[in-house]
Every structure is written in structure tokens, then in C-alpha cells.
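Right, one structure below, let's go through it.
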There are 2 protein chains.
Amino acid sequence: MIGQQRSFGRRVLLAAIRQNSPIARIDLSEQTGISRATVTTVTAELIRAGLVEEVAAQGTEMARGRPRVDLKIRGAAHLVAGIKIANSSLSLVLMDFEGNQLAEHSHVLSKTTLGTEALVEELAGALGDMLTPLGKSVSDLSGVGVGIAGIVDVQQGLVHWSPSLSDRNINLRSAIDTALGVPAFVDNDANLVAMAEKSFGLGREATDFIVVTIESGVGMGIVINNEIYRGTRGCGAEFGHTKVHLDGALCRCGQRGCLEAYVADYALLREASVTHAGAGALTGETDEQRIEALLQRAHDGDPVAGNIVLRAGRMFAMGLANIVNIFDPQLIVLAGERMQSNHLYAEEVIAGIKDSIVQVDQSPPEVVIHRWGDLMWAKGAAAYALEGVEEMAVEALRAGEI
Amino acid sequence: MIGQQRSFGRRVLLAAIRQNSPIARIDLSEQTGISRATVTTVTAELIRAGLVEEVAAQGTEMARGRPRVDLKIRGAAHLVAGIKIANSSLSLVLMDFEGNQLAEHSHVLSKTTLGTEALVEELAGALGDMLTPLGKSVSDLSGVGVGIAGIVDVQQGLVHWSPSLSDRNINLRSAIDTALGVPAFVDNDANLVAMAEKSFGLGREATDFIVVTIESGVGMGIVINNEIYRGTRGCGAEFGHTKVHLDGALCRCGQRGCLEAYVADYALLREASVTHAGAGALTGETDEQRIEALLQRAHDGDPVAGNIVLRAGRMFAMGLANIVNIFDPQLIVLAGERMQSNHLYAEEVIAGIKDSIVQVDQSPPEVVIHRWGDLMWAKGAAAYALEGVEEMAVEALRAGEI
DNA sequence: TGATTTAATTTGATTTTCAAATTAAAACTG
DNA sequence: CAGTTTTAATTTGAAAATCAAATTAAATCA
């Protein structure tokens, strides 16, 4: 149940090399507490296996003594893909073992909700579309990471329910495994952004942090002790349905007082619709455009619009402060792709958090904003695949498959 | 930085024996994934060192084959004390290495807030008072666990601030270490109850759970992956200062809308004082008696009193639901010693939680009530000491000190 | 050119672990 | 009751993982 601690050294050293990218053996020894002798032995093995490579001298050339030789992950060792299954599309990235993005692709789904077989088929098709221009094929991949909205049992690769799947309780992992002939790693998409931040983003330096995303809903990913925390039922952290008001505004989920019911787009438009600044009066065809108009009005000094936006920001700050009071993380990353969520990231909101958390001598956690594009989700999925492939590679080493 | 994985086997096996108390070697092997050969070798070593002992045949005597021989922690191996530093008193317990309580004691502090030296002196005195009737002395102890309110850096044993200490930024661990000549383990008292539940209480079976306590304030302890989660600034989970209402009721901490400002005793009395059921009208000298009277009125059908109590309960349910939405724990333990907090543990409150969490197919986390006495804090402190002493014992084994 | 300095490797154990074979201790069995 | 069966624990012999100390390697400095 506890699992083997075998290959502990290989695992730790490979992870340390990945984290600190170009790093000399002596620093690895320092960092990990593993003796220099063992570092030499193990890294030699990793190099022989093709997972790691030496790189030419680093920047500082002036040192006395024997120059250190930096090590890094060997990108060419493996190829992985990351796929995010969104509402009506797939976004894909191709990544090498070092985490370099080699290609990206997007694919429009034929339907919003698909059967398992049809979904896997579209997935395989999209993968092929990304790979063939590069002269690669699916069989060149060592792993595929897949992120999907819904309730996912990561351990088993089971999707209990998802808006993208018409079937329930599907083992998506094994379905993809067998269809593609490539190991698949499936996770709830709420965790993808946390994974992406941990692997490639602002969370690289932190061991305990929280990522909050605002898209159509409000999502959260939790990293504790350098690992994604998934809760026990695997339905992810439902920050958006955290209650911020007893018997408050009605939420899409049917309950009252959810944070989402105050800060999501639909919540802002609902408020706007009942005032003289009514939603009808807001120019714009789409909701996005109307939100844009509302924010513009607030910015221009319209008191009603300003009031709407202000309350949303204050509610958001309150929700975040609660997270801080409970978790006390090193870092909170506010991540999102859409500029219109800008108002929630305003300086006043961040200041509001600091006013609502328990005051101690130490400084409050850092709150940073990370604005990124659509691809971050797919990158997070790829990071999952990388983690899995790394694990498999170490296991293969242990089993003596050179 | 990663630390040694040496003695991994010893550590894991000793922990497994402690957790599953009387357990045969073959089951240990099964549970931990460590081979039977190694289990034999390592347990032999643990027995030789006196940390573990064999116990006579277990209940079921009917089995075929060679009978299994159960192992258990040897209580006599070590003696630890747990001390909780409360407002105006110390509670102490004496515990053997197996976790059996051998004695208890309480001591009234000369002042509420003391200097470090004076506090340590009273501590030593109280310890002596507990030990001498048993013919023991402080030097017989292998460790002392100490829980203190305030902001504690557990890693370093530093108390940044505490209501019980007039000094700031004191290394209480080293102060006790040197004064008593016994290794001390100091922690924030919010974590003590979590530790007690994990070691002796309802959390023994769970790996991820949350303990909420209601005393004069509202506290919380978090166990993730079988370890106390402390956050990064070590000030503990401030569940009581979680905000449940924007610009809400004024809290003792000076902020508004804290959960505590709705459910703590003072909050209920404040409400009562402004109605015809006013606090003055509540019979009773002390706050506790007046609370008792208020609850009685609510129970008897007084609408105003009922309303006050109802809202408190609903706020509490909301706060708990937020925890569930964020953490998704297996189990929530509502722990407390005072019966008057009863209204917050009512069935309706627990039902209220279930109505406010995101619905998934799986069943919601279990919510259990654990009513315990004053000593639980001290027991938690003792559990800390046990953990530390166990660690030291394993290390000593590794270093070859038989 | 040799001394100095620092990094990496080798050497020769020691420690930890395990699979397979063996022994131990019981209950059945005819 | 002697032999068989069954299950638990131990022994045996070897492999794997790790380390401290000694050695070698590759640079700069004087």
C-alpha cells in the first residue's frame, strides 16, 4: 500500500534535473542530499538511458578548478501530446521530454456531446492532423495527457460524468490507451491549469500554491507539497460554488449565494439587466461584448455600472481571502485568458484580500496575475503526460531495460 | 533538501505496527508492500531495540497452519508527556510509547501571560507534580509535546506570538529542551485536536480529514495525506475568520463578516442584547449561563431566541460547506467539549451542509460529532511527542546504537 | 611548469532489500 | 498417532542502492 521506495534516487534526481534545468552534479548532490558518488552513478545511468544529457559549459566561465558540467533533460528522449477537451473543440500541443512545445493544433468537434467511441475517434484524428505535417505519427508518442471537464477518477482513468461525453462512468484512459496504442493520462480540467503553472508557469518555485481561474465559471486548482491535491471524491475544488452570502443570489447550479453567482459574466449581466443601464441598453450582440460595454461604462464613471463591478470585485476578494485564511498558501495565481475579467484582478481587489485575512507578522501570500492563452490547458495536459512518462521511464530503468 | 530515504523500512513498518496495533508480520508485508523477508529482519531489529514486542496468539485460534504472531508497540519503551498551555492553566497527560494514558494532571498558572522563563518553570513544576506520585521524574521522559495558542513555527520550535507569553519570537522548544533536559515538540494548539483525532480518535481510519472545534472561538485542523497541514506561515487554518458575509457583523479580530462573529458565544449574546429577549433579561451570572438560558428559550419556542440560534446554525453550516467545496475531505469531525455548542451540531445544521455542497454522484463526506473533555488537547500534544520520539528512535537504530 | 582549486569519478565497503528455499507450528487424516 | 497439509516465519545467498574516502580530471593562478 505504501509502495516501494525503490528507484528513489533515480526518481528524485531526474525530478531535480527537470526542476533546476541546467544543473551541475555537485549542485544536485547539494539539493537532494544524495551523495556525490551516487549522483555520478545515477546520472550516468540516466544519460546512458537517453533521458538526460550534458550541456556545454554554463555562462560563468571564470571559476577556478575543474569546471562543472551541467545536466539537462534530453528533449528528444520522448514525445508527448496534451489535449484539452473543451465545449466544442479540442486544443492540442506536442511537447518533447524537456517540455518544449513543438507544435499546436485545434480541432472543432462535430458535436458538443459525443459518445466515447466518437470522441476517441475525433481525438485520434486531431492528433494525426497535428503530427503528420511534422512527419510524425501517433506511434511516436510516449504518452497522451487528456483534460476533460466533469468528474474524473484520476487513479482509475474513469470519467464518471462529463458535459463532453454522452456516456457515464467511462474508462476514458483505457479507451484511449487501446485506440491509440499509447499510454493515456486523464484528469479533470480544473487541475490542468494548476499543473501547467507548476510545470511551466509561476508555480515552478512554489511547493504550496493555489490557482484560481475565471472563465465562464470560477475554478481552482490546489498544489500541496508539490502535488496536485484532488480531494477524496475527485470532483475538484469547487471554489466557484463556495458560498459568500446566506440565501444570496441564485447560481446556475441551483443553489444560492455561490461566488460564481456574483462574479461570473452571467451574474454581471443579470444585475445590469434590472437597472437603467439595463442589459438591453448595453451595446453588443454577444454576452462578451455586453460585458465589455458594462466595464467600459464603469470605467467611464457610470455609478450604477461601477457599483455592479465593484461588488463583484469585493465578493471575489472575499472568496479569495477565505482561501488564504484556510490554506495559507505561499502564492495565489489568478490565471485566465480573457482580458474582460480584468476588473476582478484590479489592484483594489488584491488589496481587499489583504484586508480580509488574519493579520500576522509575516507578509501575506503573494497574489500574482498570469494572463495566458487557450493553449495553457493543453500544456497542462501535456505536463501530466510528461509526469506519467517520466515515471514509466524510471520504472523501465529499474526493471533493467537499459 | 529531499532528505534521506534511509531507514525507510524501519520507519514505515513501525508506523504500520502502531496504526494497526496487533498485527502479524505477514499482514505487515501485505500492507506495506515490503517483502516478508525484510519484515522479519526489520521487526527483529525493532524487537531487539525494545520498540516492539510480540503478543500471544490473537482471538481466532481455529486457523490451520503455523499460527501468526502479532506484533505491537511496546509501551514501556518510552514515556512522553503532553502539555496544553491554556488561558490560565496547564493540562498534562503522561503517556507510554503505545499511547496508553498513564496519568493526568492540571495546574493553575500564576498569571495568564508569563515570561518565557516563568512559563517554563511552571511547566517543569507541573510535570514534576504529575510524575512524583508515580515515582518517576522528568529525566524518565523521552519527549514532551507542548501546545500553545498563537503563531508557531513548528519547524524551528519558535513561538512568534502567543497570548500566554509576554515575550515575542521565543524559541520555546530550545527553552524547554534545556530547562528539562528532554526533547520538546512545540505546536500551535489548533493542530493539537487534529493530531489527537488522527492518533486516538475518529481520524484513525482516514487519511484526509478536517477537524473543526468550537470553543470560545472557532478553530480548524487539516490532515492531508496523513499529515497535519500547516500552511506556509504556520498560523494555522483560520476557519473562524473565514468571511461569510460581506461587510457583515463585527468580529473580535476587528474585521467584519467573520464566521466567528456569528457563531461564537459573544456573537449570540450580542444579538440577544438588542431584542426584548435582551441579554440582561437572560438569567445567569456568567456568559456561559446566559448562553444556556438563550438556548433554553429557543428550545422552548421563543421566536426571537430561536431566530438567533437558527441563523448561527445556518452560518456555521455555510462555513462548513465551503470547506467541503474546497477540500472535499473524507470526513469532518466536529469536536468540542462544551455541550452548549450543541445547537451548532444539530441535525439541521448537518443537513444544511449537504444542501450547500456541490452535488455529485458520490456520497457527501461523513460529518461526525466527537464530544470530548479538556484532556484531548494534552493528548494531542502527547501524540506530537510520540511522533518525534519515534523518529528519534528510528534514527538511533540507523546510527547503530542498537 | 608546478601549485592550487574545484568537480567528477573510482574504489571498497556497508546497508537495505528481496526471491526462493527452508524451517516451524499448527490442524487435519486415515 | 505418524504422516500430510497448510500457513507463517525465517534463513540463505545474491542483488541493488548508497556512501565516505581516495583518486583523478580539468581548469586557473603565480
Side-chain angles (χ1 to χ4, degrees), chain A residues 2-14 17 22-48 52-71 394-402, chain B residues 2-14 17 22-48 52-71 394-402:
Chain A
I2 293 286
Q4 308 301 67
Q5 89 295 9
R6 304 287 234 51
S7 282
F8 185 80
R10 277 182 280 244
R11 224 178 294 267
V12 167
L13 284 172
L14 193 52
I17 293 171
I23 184 172
R25 281 169 248 252
I26 193 165
D27 292 329
L28 277 175
S29 169
E30 180 81 12
Q31 271 233 347
T32 60
I34 293 171
S35 76
R36 292 193 225 163
T38 304
V39 170
T40 292
T41 316
V42 173
T43 53
E45 192 186 25
L46 294 174
I47 291 172
R48 198 157 11 88
V52 166
E53 61 190 357
E54 296 188 337
V55 296
Q58 30 152 204
T60 53
E61 205 54 84
M62 312 310 184
R64 200 84 185 270
R66 176 174 177 169
R68 28 186 75 191
V69 180
D70 279 346
L71 301 174
V394 170
E395 183 52 33
L397 262 182
R398 193 189 69 71
E401 305 160 17
I402 307 270
Chain B
I2 291 289
Q4 306 302 65
Q5 88 295 8
R6 304 288 235 48
S7 283
F8 185 80
R10 276 182 281 242
R11 221 178 296 267
V12 168
L13 284 172
L14 192 52
I17 293 171
I23 184 171
R25 282 170 248 252
I26 194 165
D27 293 329
L28 276 175
S29 169
E30 180 82 12
Q31 269 232 351
T32 60
I34 292 171
S35 77
R36 293 194 224 161
T38 304
V39 170
T40 292
T41 316
V42 173
T43 54
E45 194 187 22
L46 294 174
I47 291 172
R48 195 155 14 88
V52 165
E53 62 190 356
E54 296 188 337
V55 297
Q58 31 152 202
T60 54
E61 206 53 85
M62 312 308 184
R64 200 80 184 273
R66 176 173 178 171
R68 28 187 73 193
V69 180
D70 278 346
L71 301 174
V394 170
E395 183 53 32
L397 262 182
R398 193 188 68 70
E401 304 160 19
I402 306 268

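The basis for the numbers below is simple: all heavy atoms, side chains too, and nothing from hydrogens, waters or symmetry mates. Lettering follows sequence order; numbering is per chain, from 1.
Between A:T38 atom OG1 and A:L13 atom CG the span is 8.5 Å, to the nearest 0.5 Å. Atom-to-atom distance recorded for B:E45:CD and B:R398:CZ is 11.5 Å, nearest 0.5 angstrom. A:L397 contributes atom CG, which lies 10.5 Å from atom CZ of A:R11 (distance to the nearest 0.5 angstrom).
Whole-Å rounding puts the B:E54 CD to D:dA8 P distance at 15 Å. B:R11 has its CZ atom 11 Å from the P atom of C:dT16, to the nearest Å. With rounding to whole Å, A:L46 atom CG is found 12 Å from D:dA17 atom P. Computed from coordinates, the A:L28 CG to D:dT18 C1' distance equals 16 Å when rounded to whole Å. Taking atom CZ on A:R25 and atom P on D:dC19, their separation rounds to 16 Å, with Å as the unit. The distance from atom CD of A:E45 to atom P of C:dT9 is 14 Å, rounded to the nearest whole Å. The CD-C1' distance, from B:E30 to D:dA9, rounds to 15 Å in whole Å. For the pair B:L13 CG and C:dT16 P, the computed distance is 13 Å after rounding to whole Å.
In terms of heavy-atom proximity, B:R68 sits nearest to B:D27 at NH1-OD2, 2.7 Å. Taking each heavy atom of A:S29 and A:I34 in turn, the nearest pair found is OG-O, 2.7 Å. For A:I23 against A:I17, the heavy-atom pair with the smallest separation is CG2-CA, 4.1 Å. The two residues A:V55 and A:V69 make their nearest non-hydrogen contact at O-CG1, 4.1 Å.
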Derivation of the side-chain contact (heavy atoms from CB on, under 4.5 Å) call for A:D70 and A:E54: CA-CA 6 Å; A:D70 279 346; A:E54 296 188 337; over 6 Å; no

Using a cut-off of under 3.5 Å, enumerate the N/O to N/O pairs linking the protein to nucleotides 10-12 of chain C.
none

Can you give me the N/O atom pairs linking the protein to nucleotides 4-6 of chain D at distances under 3.5 Å, or say none if there are none?
{"residue": "D:dT6", "atom": "O2", "partner": "B:G65", "partner atom": "N", "Å": "3.2"}

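The phosphate of D:dA17 has OP1 or OP2 within less than 4.0 Å of a side-chain N or O from A:R10.
With sequence neighbours excluded, no residue satisfies side-chain hydrogen bond (donor to acceptor under 3.5 Å, both in side chains) with A:T41.
Looking at heavy-atom distances under 4.0 Å, A:V69 makes contact with sugar-phosphate atoms alone, never a base.
The side chain of A:I34 sits closest to D:dC19 out of D:dA9, C:dA26, D:dC19. Minimum atom distance to the side chain of B:T38 is reached by C:dT17, of the listed C:dT17, D:dA9, D:dA20. For A:F8, counting side-chain heavy atoms from C-beta on, the closest listed nucleotide (C:dT17, D:dA9, D:dT18) is D:dT18.
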